[in-house]
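Working notes, structure below.
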Amino acid sequence: MTVLEAIRKSAEFLAKKGVDSPRLQTELLLAHLLKLPRMKLYLNFERTLSPTETDALRELVRRRGRHEPLQHLTGSTSFCGFEIAVNRHALVPRPETELLAESGWEFLSTLNPQPSTALDFGTGSGCIAIALAAKCSSAKIIATDISPEALALARENAARNNVTDRIEFLLGDGFAALHSEERVPRAPNPTGKEDRASQSSALRKMEFDLIISNPPYIPSAEIATLQPEVRDFDPRAALDGGADGLSFYRKLAAEAKPFLKPDGKIMLEFGDGQAEAVRKFFEAEKWIVEAVKEDYSQRERILIAGNKTR
């Protein structure tokens, strides 16, 4: 079978299975298999696939026909130009989240040359933390997640992108992940002794220039209606935002202020139609909502709020 024949037959199969953009999906899978840029496939249409290549392509196409995400099949995706490994333990990064990361590093860049700090709340694959660290060399990033498997993936991605030295990964549920005495930097005590009170004080004083997050925001009852690529392969914990999808925004509005510097900012991604509710949560907690940004499809997607009234 030639490359062109393989593309045609595989695209027909995926179309019958209801996969979006079946020709493109096939070309991306074949380019991955042959280790070629996708456009170079067009220069190799007459190339005959070996039996091993044919069998491997068939297996990939079968899995894609079962709606396994393309990114899981290729093992990675691009996020802000960085290669991010993906698997079932973390949400596959979306293009909309690139806008969140960009807003974050643009803000941190205004703080240069002073060192800055950021908290990536619920890091998942680590994509946001990695983008911030790579774009802001003077920034120190702390990335938290409740899933040890997600943190393992995030660490792998940090190493892949050479930013391990600027990101600290912490396991825990929300802000509780920050309360680890083993990791809190403390100035040396002149007496040479550090008592429990000074350690607790150090914990209370942990503050960031930026808190950034793409939290779960799908209402629990709607998860069953999602595309199978999301519903069946992304971890439910990365999707489920509670009964109305807004549980994490209530939590962040109520609990984030003590962890943010007076001139710091919080930046959050949210779902379709949630802008007004999220804004109200933060205004009720006396935050200053500075902006609500739109995504590529002109849908309100990102909230930016300040902390000056604390």
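Since the structure is predicted, the reported quantities are computational estimates derived from the model, not experimental observations.
Looking only at side-chain heavy atoms (C-beta outward), Met1 and Arg58 come within less than 4.5 Å of each other. Side-chain contact between Ile212 and Trp105 is absent, with no heavy-atom pair separated by less than 4.5 Å. Looking at Lys257 and Lys286, their side chains come closer than 4.5 Å, going by heavy atoms from C-beta outward. Side-chain contact check for Asn307 versus Ile266: every heavy-atom pair is 4.5 Å or farther apart. Inter-residue side-chain proximity for Phe82 and Lys135 is flagged as met; some heavy-atom pair is nearer than 4.5 Å. Contact check for Phe79 versus Ser125: no side-chain heavy atoms found under the 4.5 Å cut-off. At a threshold of 4.5 Å between non-hydrogen side-chain atoms, the residues Leu268 and Phe282 count as touching. The shortest side-chain heavy-atom distance between Leu99 and Tyr296 falls under the 4.5 Å cut-off.
Annotation: the span from Leu91 atom CG to Thr97 atom OG1 amounts to 7.0 Å, rounded to 0.5 Å. The structure places CG of Leu260 at 4.5 Å from CD1 of Ile211, a figure rounded to the nearest 0.5 Å. Atoms CG and OG, from Asn87 and Ser76 in turn, are 11.5 Å apart once rounded to the nearest 0.5 Å. Here the CG atom belonging to Leu303 is positioned 11.5 Å from the NZ atom belonging to Lys293, to the nearest 0.5 angstrom. One finds the NZ atom of Lys261 at 12.0 Å from the CE atom of Met206 (value rounded to the nearest 0.5 Å). Cys136 contributes atom SG, which lies 8.5 Å from atom CG of Leu111 (distance to the nearest 0.5 angstrom).
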(request) Might you work through the side-chain contact (heavy atoms from CB on, under 4.5 Å) test for Val86 and His72, ending with a clear yes or no? (result) CA-CA 6 Å; Val86 294; His72 287 190; 4.0 Å; yes
(request) Please test Arg88 against Asp234 for salt bridge (Lys or Arg N to Asp or Glu O under 4.0 Å), starting from the C-alpha separation and ending with a verdict. (result) CA-CA 6 Å; Arg88 283 176 172 265; Asp234 278 331; over 6 Å; no
(request) May I have the step-by-step check of side-chain contact (heavy atoms from CB on, under 4.5 Å) for Glu102 and Ile302, ending in yes or no? (result) CA-CA 11 Å; Glu102 182 179 352; Ile302 297 167; over 6 Å; no
(request) Verify side-chain contact (heavy atoms from CB on, under 4.5 Å) between Leu178 and Phe208, making sure each step is shown before the conclusion. (result) CA-CA 12 Å; Leu178 301 175; Phe208 300 90; 4.0 Å; yes
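Across every non-hydrogen atom of Lys17 and His67, the tightest pair is O-NE2, 3.0 Å. Closest heavy-atom contact between Ala11 and Thr26: N-OG1, 3.4 Å. Smallest separation of non-hydrogen atoms from Ala243 and Pro219: O-CB, 3.5 Å. Here the shortest heavy-atom pairing between Gln274 and Tyr217 reads NE2-O, 2.9 Å. The minimum heavy-atom distance between Asp165 and Lys140, with the atom names listed, is O-NZ, 4.2 Å. Trp287 and Gly306 make their closest contact through CE3-O, 3.2 Å (heavy atoms, listed as atom of the first residue, atom of the second, distance).
Hydrophobic clustering (ILVMFWY, side-chain heavy atoms < 4.5 Å, transitive): Leu246 and Leu226 are in one cluster. Side-chain heavy atoms closer than 4.5 Å link hydrophobic residues (I, L, V, M, F, W, Y) into clusters, and following such links, possibly through other members, connects Phe270 to Ile218. Follow the hydrophobic side-chain contacts under 4.5 Å out from Val278 and you never reach Leu100; the two are in separate clusters. Val289 and Leu252 fall within a single hydrophobic cluster, where Ile, Leu, Val, Met, Phe, Trp and Tyr are joined by side-chain heavy atoms under 4.5 Å apart, directly or via other members. Cluster annotation: Phe248 and Leu171 are assigned to distinct hydrophobic clusters (Ile/Leu/Val/Met/Phe/Trp/Tyr, side-chain heavy-atom contacts under 4.5 Å, transitive).
Side-chain atoms of Arg299 do not come within 3.5 Å of backbone N or O of Glu294 as any donor-acceptor pair. Side-chain atoms of Asn161 come within 3.5 Å of backbone atoms of Glu83 as a donor-acceptor pair (strictly under, hydrogens ignored). Asp145 places a side-chain N or O within 3.5 Å of a backbone atom of Ser147 that can act as its donor or acceptor partner. Between the side chain of Glu290 and the main chain of Ile304, no donor-acceptor pair closer than 3.5 Å is present. No donor-acceptor distance shorter than 3.5 angstrom exists from the side chain of Arg166 to the backbone of Thr164, with no hydrogens or angles considered.
With side-chain heavy atoms closer than 4.5 Å counting as contact, directly or through intermediates, the hydrophobic cluster containing Leu34 also holds Val3, Leu4, Ile7, Phe13, Leu14, Val19, Leu24, Leu28, Leu29, Leu30, Leu33, Leu36, Met39, Leu41, Tyr42, Phe45, Leu49, Leu57, Leu60, Val61, Leu70, Leu73.
Environment of CZ in Arg23: crowded, with over 12 heavy atoms of neighbouring residues, nucleotides or ligands closer than 6.0 Å. Annotation: Arg38, atom CZ; neighbour count of heavy atoms from other residues, nucleotides and ligands within 6.0 Å is above 12.
Residues forming a side-chain contact (heavy atoms from CB on, under 4.5 Å) with Ser50 (at least two apart in sequence, or on another chain): Thr52, Glu53. Partners of Ser220 under the side-chain contact (heavy atoms from CB on, under 4.5 Å) rule, at least two apart in sequence or in another chain, are Arg236, Asp240.
Ion pairing between a basic and an acidic side chain is recognised when a charged N comes within 4.0 Å of a carboxylate O; Glu156 and Arg160 show such pairing. A salt bridge is defined here as a Lys NZ or Arg NE, NH1 or NH2 lying under 4.0 Å from an Asp or Glu carboxylate O, and Arg279 with Glu283 meets this definition. Salt bridge absent: Glu222 and Arg231 never bring a charged side-chain N and a carboxylate O closer than 4.0 Å. Salt-bridge formation is detected for the pair Arg250/Asp244: a Lys NZ or Arg NE/NH1/NH2 atom is positioned less than 4.0 Å from an Asp or Glu carboxylate oxygen. Taking 4.0 Å as the cut-off between side-chain N and carboxylate O, Asp209 and Lys265 do not count as a salt-bridged pair. Arg62 and Glu59 are joined by a salt bridge, as a carboxylate oxygen and a charged side-chain nitrogen come within less than 4.0 angstrom of each other.
For the side chain to side chain contact (heavy atoms under 4.5 Å, CB included) with Leu210, the qualifying choice from Thr117, Leu119, Asp120, Leu132 is Leu132, the only one to do so.
Phe121 and Phe175 have their aromatic ring centers within a separation under 6.0 angstrom.
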